[in-house]
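What follows is a short report on a single structure.
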Amino acid sequence: MEVYTLFAEASEAPSVPPRRRVLIVDDDHLVRDTLRFILEDAGYDVWAVAHGADALAVLESQAVDIVLSDIFMPGMNGFDLLKQIRQRRPDVPVILVTGFGNIEMARQALKEGATDFITKPYNVNEIPILIERNLMRHTIESSRTRNLQEEVQRSYRATLEALLAALDTRDTETEGHSERVAAYTMLIAQQLNLPQEELQHIEHGALLHDIGKIGVPDHILYKPGPLTPEEWEIMKQHPVIGYKMCMRIEMLRPAAPIVLHHHERWDGRGYPYGLSGAEIPLGARIFAIADTLDAMTSDRPYRKALSFAQAREEIERCAGSQFDPELVRVFLELPEEQLRAIREVTMSHREARAA
């Protein structure tokens, strides 16, 4: 039997819904014991504590679905506990309970992030209904948030793809360069144990590093011979043009400094601003190595591609002048086979899309 058939049959088996986990916080032991009895009888897993500090300890160690807390308690009151929960576990619904409630207190509770507010005395048998209502509302709101985030991500991906397509159309001389150099950049960056969000921004910056060439006049961009000094000054503005383009798109703003500074040099002799050393954003320093690697291992009209070994030797020679020497050390630790595999994979993807 095929694996997917086994999976389909397994997925059809009835599943037992997970038990909801409730944390009760109240300094009145009678209230705690009563609520625990009612909720456990209704099928919930229950933790019941008398103090806010104990509640935070439970939240640190247990996967709690919802909190039901009294407001007036010794030590940490319900509002203080609510603030702590919002900082530590912002996804957990919190219902505040009090015997001395009024409209202003209810407004304050909801303003500070409580999902519901009830006053004593209440019918304890209705507490499970109250909890389910809040959990269902939280599930619906979370689903809406996820759907919105997914829609935003789809929109951003479409924008990124459109920009890359525009760049490919404009600059056909180095076809596939952006994908290859982005892959080399990410391979180096991943050795630095950077946060995932920062890695994503570095990838975007590497992919779009030359997007500013869209704003370079045709007679300069496609000129077959050497550029005049005046034409070269215009060409050197493409990082600034690309930076301004990326700054107009919220998703790409964190990547914009890489686009702006991808031609800077460690010794300060780069452009557009002549930054040096650690003044250059980390992503741009990583990219500079990857960009040089791809340039040297690609055929050009005026020369054949160098081998990866030759390119690595040249990059090592330029450590401390053109490149960050510490990043060069990280780069040189990468197996040559990984670099070659990236080139082969990106080239095959490119050919498949063109077919």
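Given the structure is predicted, the values throughout are model-derived calculations rather than measurements.
The environment of Arg137 atom CZ is dense: over 12 non-hydrogen atoms of other residues, nucleotides or ligands sit within 6.0 angstrom. The 12-atom threshold is exceeded at NZ of Lys223, counting heavy atoms of other residues, nucleotides or ligands nearer than 6.0 Å. In the displayed structure, His51 atom NE2 is contacted under 6.0 Å by at most 12 heavy atoms of other residues, nucleotides or ligands. Within a 6.0 Å radius of CD in Glu250, no more than 12 heavy atoms belonging to other residues, nucleotides or ligands are found. For OH of Tyr122, the number of neighbouring non-hydrogen atoms (other residues, nucleotides, ligands) closer than 6.0 Å is greater than 12.
Residues Asp294 and Arg343 have side chains in contact (heavy-atom distance under 4.5 Å, counting atoms from C-beta outward). Between Leu192 and Ile286 there is a side-chain heavy-atom pair separated by less than 4.5 Å. In this structure the side chain of Ser178 never reaches within 4.5 angstrom of the side chain of Leu208, judged on heavy atoms. For the pair Phe331 and Arg312, the minimum side-chain heavy-atom distance is below 4.5 Å. With a 4.5 Å cut-off on side-chain heavy atoms, Glu326 and Arg329 count as touching. Tyr184 places none of its side-chain heavy atoms less than 4.5 Å from the side chain of Leu334. For the pair Asn134/Ile66, a side-chain contact is recorded, criterion being any heavy-atom separation below 4.5 Å from C-beta on. Taking the side chain as every heavy atom from C-beta outward, Tyr243 and Ile241 never approach each other to under 4.5 Å.
Checking side-chain atoms of Gln200 against main-chain N and O of Gln196 turns up no donor-acceptor pair under 3.5 Å. Between the side chain of Arg86 and the backbone N or O of Val92 there is at least one donor-acceptor pair closer than 3.5 Å. Proximity of a side-chain donor or acceptor of Thr297 to a complementary backbone N or O of Ser307 within less than 3.5 Å is not detected. Glu264 contributes a side-chain N or O that, together with a main-chain N or O of Tyr273, makes up a donor-acceptor pair within less than 3.5 Å. Within the 3.5 Å criterion, the main-chain N or O of Ser276 finds a donor-acceptor partner in the side chain of Glu279.
In the hydrophobic cluster analysis, where Ile, Leu, Val, Met, Phe, Trp and Tyr join through side-chain heavy atoms closer than 4.5 angstrom, Leu130 is grouped together with Leu39. Both Met186 and Ile315 sit in one connected hydrophobic cluster of ILVMFWY residues. Membership requires side-chain heavy atoms under 4.5 Å apart, directly or through other members. A continuous path of Ile, Leu, Val, Met, Phe, Trp and Tyr side chains, each step under 4.5 Å between heavy atoms, connects Val328 with Phe308, placing both in one hydrophobic cluster. Both Val31 and Val46 are members of a single hydrophobic cluster when ILVMFWY side chains are connected at heavy-atom separations under 4.5 Å.
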After noting the C-alpha distance and the side-chain angles of Asp116 and Arg133, does the key distance pass the side chain to side chain contact (heavy atoms under 4.5 Å, CB included) rule? CA-CA 10 Å; Asp116 216 334; Arg133 183 172 69 234; 3.4 Å; yes
I would like to know whether Ile71 and Phe117 meet side chain to side chain contact (heavy atoms under 4.5 Å, CB included); could you show each step before the answer? CA-CA 10 Å; Ile71 291 180; Phe117 179 90; 3.6 Å; yes
Take His201 and Glu197 through the test side chain to side chain contact (heavy atoms under 4.5 Å, CB included) and record every step on the way to the result. CA-CA 7 Å; His201 298 326; Glu197 186 176 16; 3.5 Å; yes
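Shown here for Leu260 and Pro272, the closest heavy-atom pair between the two residues is O-CD, 3.2 Å. In terms of heavy atoms, Tyr271 sits closest to Pro239 at CE1-CG, 4.0 Å. The minimum heavy-atom distance between Ile258 and Ala206, with the atom names listed, is CG2-N, 4.3 Å. In plain terms, the two heavy atoms of Thr34 and Leu30 that are nearest each other are OG1-O, 2.8 Å. The minimum heavy-atom distance linking Leu110 with Thr115 is given by the pair CD2-C, 4.2 Å. Of all heavy-atom pairs spanning Gly242 and Val259, the tightest one is C-CG1, 3.6 Å.
Checked for salt-bridge contact, Arg20 and Asp65 miss the test: no charged N lies under 4.0 Å from a carboxylate O. Salt-bridge check for Lys236 with Glu233: passed, with a basic side-chain N closer than 4.0 Å to an acidic carboxylate O. Ionic pairing of Lys120 and Asp26 is present here: one or more N-O contacts between side-chain nitrogen and carboxylate oxygen are shorter than 4.0 angstrom.
In this structure, CG in Leu332 is found 8.0 Å from CD1 in Ile289, a value given to the nearest 0.5 Å. Separation of atoms CZ (Phe79) and CD (Gln108) is listed at 4.0 Å; rounding is to 0.5 Å. Atom CG of Leu187 sits about 4.5 Å away from atom CD1 of Ile342, to the nearest 0.5 Å.
The side-chain hydrogen bond (donor to acceptor under 3.5 Å, both in side chains) search around Arg340 returns Glu336, not counting sequence neighbours.
Side chains of His177 and Asp291: a donor on one and an acceptor on the other come within 3.5 Å. Tyr44 and Glu132 share a donor-acceptor pair across their side chains, judged by distance under 3.5 Å alone.
Evaluated for a ring-ring contact (aromatic ring centres under 6.0 Å, His included) with His209, the options His263, His238, His262 yield exactly one hit, His262.
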